[in-house]
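Quantities reported herein were computed from a predicted structural model and do not represent experimental measurements.
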Amino acid sequence: MALYIGIDLGTSAMKLLLMDGEGNIKNVVSKEYPLEFPQPGWSQQNPEDWKKALYEGVPELLKGFDAASIAGIGCGGQMHGLVVLDENDNVIRPAILWNDGRTAKQVDYLNNEIGKEKLSALTANIAFAGFTAPKILWMKENEPENFSKIAKIMLPKDYINYILTGVHSCDYSDASGMLLLDVEHKCWSKEMLEICGITEAQMPALFESFAPIGTVMPSVATQLGLPENVTVCAGAGDNAAAAVGTGVVGEGGCNISIGTSGTVFISSESFGVDDTNALHAFAHADGGWHLMGCMLSAASCNKWLMDDIFKTKDYAAEQAPITEDKLGENHVYFLPYLMGERSPINDTNARGTFIGMTMDTTRADLTQAVLEGVAFAIRDSVEVARSLGITINSSKICGGGVKSKLWQRIFANVLNCELEIPVSEQGPGMGGAMLAMVACGEYDSVKACCEKLCAVANTVKSEAKLVAKYEARYQQFKKIYPACKSLFAELN
């Protein structure tokens, strides 16, 4: 039986999985790498670290398996990161990542001087600090020498595909988050390229996520222990890949992901734009489109509180005191804006904030406030979708944060929504492997692949009493950011 490799190029680690055409996961390997924060609000990474993770991870993944059975590779990766190559395909500077906040000036220029209406008409989106186009403008202004060397502009997972195949490629889902793609017509926007001072020759070729872009180069295949005829598909942005991995394709599917970042992902067979541009309008990995709300700090808020503040790795012990009687009753609130925020407030100045603490506030109260604050912030994007007439009564939910049953319950009641936990929680890596299956002809379409491989392990239902309590808490939470907004700008 043919085997497929799925790659999840995350922010803190590359996760690789080996899966057969029936959806059975044979092996999983993870390789961590560092993040650089050279200035407050900046976030970057060395693409060479991704390459090292690939070269170490694949042979480890294949240990004990017949490498000759590998038919295809698909990659899902962190979106928006700016990877720039010179004429010899060497990396010019560290990749500026999705959660980097250095581009406030460029975002302001794009949204206010070029204009949100024009940006939306050209790309179906407005500028957010994490998007790639503002980073290009930042580089043009602040690193003109580096900017002049750019021969190719790529996204993180596309650099992995380049390492494998030698092809400069990008898929529509990931390209949608660059603010350079005409999302409706699935082509580079010549006008946006001009605004950024770049040309179409500097951009990668565009593909559907499930389309083959080439095969692994012989020299690379030898180093990785792969056969030379392995097909590599274009892959997808991490959220689109995760949606495929949970079966959220076609019309009206919803997936909530609670990883380093948090997302609300709503799939559609037709193109549509949120008039307020609070939600992103992107292409989907199944050939359709989707709306997405993205918060920059989700499970990472809890990791920050546990690891850096409480100095513990025992997350379960910290959540144990949050008993039944405390749900919906916490007097402490938390704004989860540790890296600024994207959807729906689009404010790089926003910051993480505890409010409502008193002399009797406990560690458990702070932990609960963080869990609830992330859920409330996800609801902000859900409410935008609901205001568009989209019904969200049930949703898949995935990501590292979902391992907590307490957090699952909080989400279900804050959102007043039935949450389905997938059998296989492998996120973008599983989606990448599934896209590779379609590229290799194992399945006729992404939808057919999802129907066969995606199953639900458990369902978490909302509870009327808790829904009412959390409704009241959410209405209070909604007032905190507007009250702090001008102060955040002043402090920064």
Side-chain angles (χ1 to χ4, degrees), residues 77 79-84 98 103 106-107 109-137 140 150 152-158 161 167-211 213 234-241 243 265-294 342-343 346 388 446:
M79 297 177 69
H80 315 300
L82 177 62
V83 181
V84 283
W98 59 274
T103 59
Q106 290 74 29
V107 168
Y109 164 75
L110 287 167
N111 283 334
N112 298 318
E113 292 190 43
I114 301 299
K116 292 180 180 179
E117 204 171 301
K118 184 172 184 177
L119 294 178
S120 187
L122 292 173
T123 71
N125 296 279
I126 60 172
F128 287 78
F131 283 10
T132 318
K135 294 176 177 126
I136 294 169
L137 287 172
K140 185 180 178 184
I150 297 174
K152 268 293 181 278
I153 291 168
M154 306 184 80
L155 293 166
K157 69 105 173 59
D158 301 325
N161 285 343
V167 176
H168 301 106
S169 68
C170 189
D171 79 291
Y172 298 119
S173 75
D174 216 357
S176 298
M178 296 181 82
L179 203 70
L180 298 172
L181 186 79
D182 176 343
V183 175
E184 182 177 10
H185 301 105
K186 294 185 175 179
C187 61
W188 296 120
S189 165
K190 289 183 170 55
E191 199 163 343
M192 278 308 302
L193 296 179
E194 201 173 297
I195 287 166
C196 292
I198 53 178
T199 66
E200 195 159 345
Q202 291 171 293
M203 304 305 294
L206 289 163
F207 298 85
E208 290 287 1
S209 297
F210 49 84
I213 61 165
D238 53 5
N239 292 297
F265 186 108
I266 301 158
S267 64
S268 175
E269 289 175 358
S270 56
F271 171 77
V273 180
D274 155 29
D275 288 342
T276 68
N277 291 115
L279 300 180
H280 312 321
F282 289 170
H284 191 5
D286 65 352
W289 287 268
H290 69 274
L291 291 174
M292 185 174 75
C294 176
R342 260 172 53 185
S343 307
N346 195 15
L388 300 173
V446 177

Any donor-acceptor N/O pair, [X] side chain to [Y] backbone, under 3.5 Å:
X      : Y      : result
His290 : Ser268 : no
Lys135 : Thr103 : no
Ser343 : Gly293 : no
Gln202 : Thr199 : yes

Show the nearest heavy-atom pair for residues [X] and [Y], with the distance to one decimal.
X      : Y      : result
Met178 : Ile153 : CE-CG2, 3.9 Å
Val446 : Ala285 : CG2-O, 3.9 Å
Cys187 : Leu206 : CA-CD1, 4.0 Å
Trp188 : Leu193 : CB-CD1, 4.1 Å
Asn346 : Ala129 : OD1-N, 4.4 Å
Leu119 : Ala127 : CD1-N, 3.8 Å

Given side-chain contact (heavy atoms from CB on, under 4.5 Å), test Lys157 with Asp174 step by step and report yes or no.
CA-CA 9 Å; Lys157 69 105 173 59; Asp174 216 357; 3.0 Å; yes
Roughly how far apart are [X] [atom1] and [Y] [atom2], rounded to 0.5 Å?
X      : Y      : atom1 : atom2 : result
Met292 : Ser267 : CE    : OG    : 13.0 Å
Asp158 : Ser169 : CG    : OG    : 5.0 Å
Met203 : Ser189 : CE    : OG    : 10.5 Å

Inset, instruction - Show the numbers, then the answer: is there a side-chain contact (heavy atoms from CB on, under 4.5 Å) between Asn125 and Phe282? - result: CA-CA 8 Å; Asn125 296 279; Phe282 289 170; 3.7 Å; yes
*asked:* Determine whether Leu180 and Met192 satisfy the following criterion, side-chain contact (heavy atoms from CB on, under 4.5 Å), listing intermediate values before the conclusion.
replied: CA-CA 6 Å; Leu180 298 172; Met192 278 308 302; 4.3 Å; yes
So do [Y] and [X] actually touch side chain to side chain, heavy atoms under 4.5 Å?
X      : Y      : answer
Ser173 : His284 : no
Thr123 : Leu181 : no
Leu155 : Met79  : no
Leu388 : Leu291 : yes
Lys118 : Glu191 : yes
Ser120 : Val273 : yes
Asp171 : Glu208 : no
Leu122 : Asp182 : no

Who passes salt bridge (charged side-chain N to carboxylate O under 4.0 Å, His left out) against Lys152, sequence neighbours left out?
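Not a single residue meets the salt bridge (charged side-chain N to carboxylate O under 4.0 Å, His left out) criterion with Lys152.
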* State yes or no: are the ring centers of His80 and Phe128 separated by less than 6.0 Å? => no
Worksheet entry | Near-ring test Phe131/His280, centroid separation under 6.0 angstrom |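 Yes; Phe131 has its ring centre under 6.0 Å from that of His280.
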The single option from Thr132, Val107, Leu110 that satisfies side-chain contact (heavy atoms from CB on, under 4.5 Å) with Leu179 is Leu110
Return yes if a side-chain donor-acceptor contact under 3.5 Å exists between Thr276 and Asp274, otherwise no.
->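 Per modelled atom types, Thr276 and Asp274 side chains form a pair under 3.5 Å.
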Please report the C-alpha distance between Ile213 and Asn161 in whole Å, then the side-chain angles of each, then the deciding distance to 0.1 Å, and finally whether the side-chain contact (heavy atoms from CB on, under 4.5 Å) criterion is met.
CA-CA 9 Å; Ile213 61 165; Asn161 285 343; 3.8 Å; yes
Could you tell me if Lys186 sits above the aromatic ring of Trp289, with its cationic atom closer than 6.0 Å to the ring centre and no more than 45 degrees from the axis?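 Judged by the rule (NZ or CZ under 6.0 Å from the ring centre, within 45° of its axis), Lys186 counts as positioned above Trp289.
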